[in-house]
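What follows is a set of notes on a single structure, which appears directly below.
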Amino acid sequence: MHPPSRQDYISISLAGQGGGSYNNSTQWRRQSCWRKWKQLSRLQRSLILILLFICGIASYPAVTEHLRGHSDGVQDSNSVLMPIIPYMLPEPVKQAQPPLPEQTSQRKLSNKRRPPVLQNRLQKQANASDTVIEDKAADSKKEEEEGDISWRGAVINTDQATEGTRDGDNMENSPVNQTGKLPNKSEARLLEAVQEAFLHSWKGYKDFAWGHDELRPLSKSYSEWFGLGLTLIDALDTMWILGLKKEFEEAKSWVATELTFNKSVDVNLFESTIRILGGLLSTYHLTGDILFLDKAKDIGSRLMPAFNTPSKIPYSDVNIGKGTAHPPRWTSDSTVAEVTSIQLEFRELSRLTQEPHYQAAVAEVMKQVHKLDGKLDGLVPMFINTNNGQFTHQGIYTLGARADSYYEYLLKQWIQGGKTENQLLEDYLQAIEGVKKNLLQKSSPNGLTFVGEIAHGQFSPKMDHLVCFLPGTLALGAHNGLPADHMDLAKQLMETCYQMYIQMETGLSPEIVHFNMHQGSTRDIDVKLADRHNLLRPETVESLFYLYRFTKDHKYQDWGWEILQNFNKYTKVSSGGYTSINNVRDPDYPSPRDKMESFFLGETLKYMYLLFSDDPNLISLDQYVFNTEAHPLPIWPSTHRLTDTGIQM
Ligand code: DMJ
């Protein structure tokens with residue numbers, strides 16, 4: 001959450017220089033033309049220039065039309081969208097696309113399945129059109145100021161796309177049938193669609209970012225955060241689960257031969273724990289290959305200096321080569337979610353290595369946070385000081401950024417340890433009551449249940465997309481014997497998270513929404529200009545997976561399918577990979593960010609695959625608990641149970 005400065009790389013190849021003697025080089029030809037030009041009379045030169053000017057004016061509309069695709073700005077999904085900066089963009093679609101049907105069945109079905117009072121995205125689009133036009137102007141101004149890459153809308157390529165009915169796909173091939181259900185017989189097709197999305201992402205990563213942290217799919221390059229092959233490690237267990245053996249083997253051999261943690265690099269403790277340590281541990285469990293356990297031990301031990309603080313509340317950053325740790329430059333605080341969402345991984349490392357100090361370090365953090373003053377009915381502030389171990393910047397209570405996974409890990413540690421650590425359960429139950437009492441509200445006009453925030457005693461109807469982990473966590477708790485009303489709340493919040501997608505013009509959720517609560521509102525959800533980006537985040541798909549696993553209600557699969565189609569339509573880059581976008585409210589100009597986050601492969605596509613699978617034993621939720629980066633870790637056998645003090649029973 002406080003990432004060290006990232007570095008972006010684009011490779012440039014330099015052509016070899018020619019010798020100085022005569023040849024037919026461009027340089028020589030240019031010099032000869034210049035000589036001829038100088039030999040012309042002034043009148044001759046003026047006439048040529050006037051002629052060139054007239055030709056330029058005459059051909060301008062054709063050229064701009066070619067580059068921009070459609071000058072009227074109305075997106076026509078039958079047409080090929082052409083790049084403004086062609087060299088940065090996907091290759092144009094070569095094949096003719098099938099014509100759109102009058103009205104796609106998916107649209108009709110979507111209306112039927114939703115509560116009658118809620119409008120679908122397309123109707124919403126009409127209602128919200130005024131706002132969108134206004135915002136478009138503001139957005140493009142912002143982009144001009146920020147110097148964004150010009151890029152026009154969808155990147156879909158019919159050859160590679162996994163499009164369904166929304167864009168007129170042939171119904172026979174579509175997994176969504178006329179009843180809106182996803183029939184069992186098409187399970188294979190659904191899973192295949194996710195595999196295709198993964199393979200397309202992997203192609204981009206392999207071609208342009210192999211061994212680096214993140215793919216930049218538009219510039220066909222990469223960015224480094226820690227310089228540890230983050231996407232590759234995050235994606236290991238996804239490949240295993242999706243059955244992509246060849247790709248898995250290639251990645252494994254990179255881990256075996258190239259991955260080293262023996263380098264002087266600052267990493268964020270939380271991010272590297274959940275993505276790298278978590279990814280390696282889960283891959284070890286799935287494959288039984290000791291290589292991954294060895295690597296997990298290596299990174300785990302290199303992260304431990306973070307806990308050498310006066311309070312034992314860890315610093316945010318560690319240099320894994322030097323063995324030194326520090327807080328961010330501007331503060332001695334750590335983020336509450338970060339220090340309380342590394343426990344599943346270090347506890348498991350202790351169990352596997354029989355070295356208790358990993359477990360002891362993270363248990364100490366939980367023990368201290370459990371006792372701290374400054375909570376609001378079990379809800380925690382966002383920061384904690386590494387010197388004195390107290391909460392700081394108190395007054396903001398949220399289930400979103402900087403607090404989110406604290407709640408998730410209370411429940412999941414309790415499950416991991418065999419439901420014996422009562423303090424974790426008590427803290428979780430109290431926090432959920434705190435959510436109900438302080439943060440839960442309904443929107444107007446349609447009464448969507450949402451989780452807002454408290455800021456210095458005032459309720460704010462703001463909800464991060466990150467909060468959409470909550471329906472899944474509540475459902476998991478209910479599955480493990482917690483009150484049934486947790487499941488009711490999970491279902492209500494799931495509907496809200498889905499509406500956060502479907503009410504946007506691209507069908508993709510923004511990063512943050514604001515709900516309307518006053519009587520007379522015409523729409524439930526507002527999005528501020530600065531909050532309109534979508535980073536390919538997993539939380540909603542994650543919750544859909546839990547809800548489908550536990551209820552078997554096919555509407556959750558339908559919703560996931562719609563989201564996959566929208567990722568394909570608005571974020572897929574035809575040369576490989578998917579990109580975050582800046583504006584989910586503008587289907588004509590979603591404005592790509594040129595970044596594929598590692599969690600798209602680590603989490604989003606993994607949960608999508610599990611959502612479409614009807615096999616409850618494909619990562620059974622009675623045997624595994626997912627860490628907050630979607631890496632499954634085993635629920636401990638009864639021979640390894642802990643008490644509240646972290647002592648084995
Ligand atoms: C992931 O790294 C984890 O899910 C984390 O808990 C929250 N942020 C991203 C995904 O949105």
Side-chain angles (χ1 to χ4, degrees), residues 1-4 6 201 213-214 223 225-226 228 230-238 267-282 316 334-346 362 380 382 398-413 451 463-473 476 497 500-501 508-513 531 533-546 563 567 571 578-581 584 593 595-608 610 625-633:
M1 289 177 191
H2 299 293
R6 296 176 176 214
S201 309
D213 283 344
E214 291 142 341
S223 56
W225 188 3
F226 309 142
L228 296 173
L230 208 54
T231 295
L232 188 148
I233 300 176
D234 225 358
L236 282 168
D237 57 4
T238 305
V267 303
N268 174 281
L269 170 69
F270 164 74
E271 298 290 358
S272 47
T273 299
I274 64 170
R275 300 185 200 211
I276 301 176
L277 179 57
L280 292 167
L281 286 173
S282 78
S316 58
S334 285
T335 297
V336 171
E338 292 194 355
V339 301
T340 57
S341 310
I342 49 180
Q343 279 65 18
L344 292 175
E345 299 81 358
F346 280 103
V362 293
V380 289
M382 297 155 86
T398 172
L399 267 273
R402 301 186 188 280
D404 49 0
S405 40
Y406 162 72
Y407 305 100
E408 180 187 349
Y409 269 37
L410 286 174
L411 178 75
K412 288 183 172 177
Q413 286 179 79
V451 181
M463 180 165 152
D464 294 352
H465 181 272
L466 288 169
V467 180
C468 289
F469 80 92
L470 189 59
T473 297
L476 180 65
C497 289
M500 284 164 60
Y501 279 71
L508 292 173
S509 172
E511 179 74 357
I512 301 170
V513 298
D531 302 336
H533 46 291
N534 178 296
L535 305 183
L536 312 171
R537 285 197 190 276
E539 290 76 17
T540 295
V541 182
E542 167 185 354
S543 285
L544 287 171
F545 154 64
Y546 284 105
I563 292 171
F567 277 134
T571 72
Y578 288 71
T579 178
S580 310
I581 54 173
V584 297
R593 291 192 151 198
K595 167 76 76 76
M596 184 175 79
E597 301 280 349
S598 79
F599 51 68
F600 184 60
L601 300 192
E603 297 193 69
T604 312
L605 292 180
K606 183 189 290 151
Y607 282 130
M608 194 73 85
L610 293 170
V625 62
F626 285 90
N627 86 341
T628 193
E629 189 75 7
H631 298 302
L633 298 173

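Note that ligands are numbered from 1 as they come in the structure, with each ligand's atoms numbered from 1 the same way. Just so it is clear, the values below take in all heavy atoms, side chains as well, and ignore hydrogens, waters and symmetry mates.
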Does an N or O from Asp404, backbone or side chain, lie closer than 3.5 Å to an N or O of ligand 1?
no
Hey, which atoms in ligand 1 end up nearer than 4.0 Å to a heavy atom of Ile274?
2 (O)
In terms of ring plane angle, is the pair Tyr578 and Phe600 parallel, tilted or perpendicular, where the classes change at 30° and 60°?
tilted
Is Arg275 close enough to touch ligand 1? Criterion: a residue heavy atom under 4.0 Å from a ligand atom.
yes
For ligand 1, which atoms have a heavy atom of Leu466 less than 4.0 angstrom away?
7 (C), 8 (N), 11 (O)
Side chain, backbone, both or neither: which applies to Glu603 and ligand 1 if a contact is any heavy-atom pair less than 4.0 Å apart?
side chain
Salt bridge (Lys or Arg N to Asp or Glu O under 4.0 Å) filter on Asp464, not counting sequence neighbours, yields Lys462
Give the numbers and elements of all ligand 1 atoms closer than 4.0 Å to a heavy atom of Pro538.
10 (C), 11 (O)
Test your reading of the structure: does Thr628 have an N or O sitting under 3.5 Å from an N or O of ligand 1?
yes
Donor + acceptor pair across side chains of Glu408, Thr628 (<3.5 Å)
yes
Heavy-atom contact check, 4.0 Å cutoff: does Glu542 meet ligand 1?
no
List for me each residue that meets side chain to side chain contact (heavy atoms under 4.5 Å, CB included) alongside Ser543, sequence neighbours excluded, and say none if there are none.
Pro471, Met494
Regarding ligand 1, does Arg537 bring an N or O atom to under 3.5 Å of one of the ligand's N or O atoms?
yes
Which atom names give the shortest non-hydrogen contact between His533 and Val584, and what distance separates them?
C-CG1, 4.4 Å
Over 60° means perpendicular and under 30° means parallel, so classify the ring planes of Phe567 and Tyr501, tilted if in between.
perpendicular
Is the shortest heavy-atom distance from the side chain of His465 to the side chain of Asn534 under 4.5 Å?
no
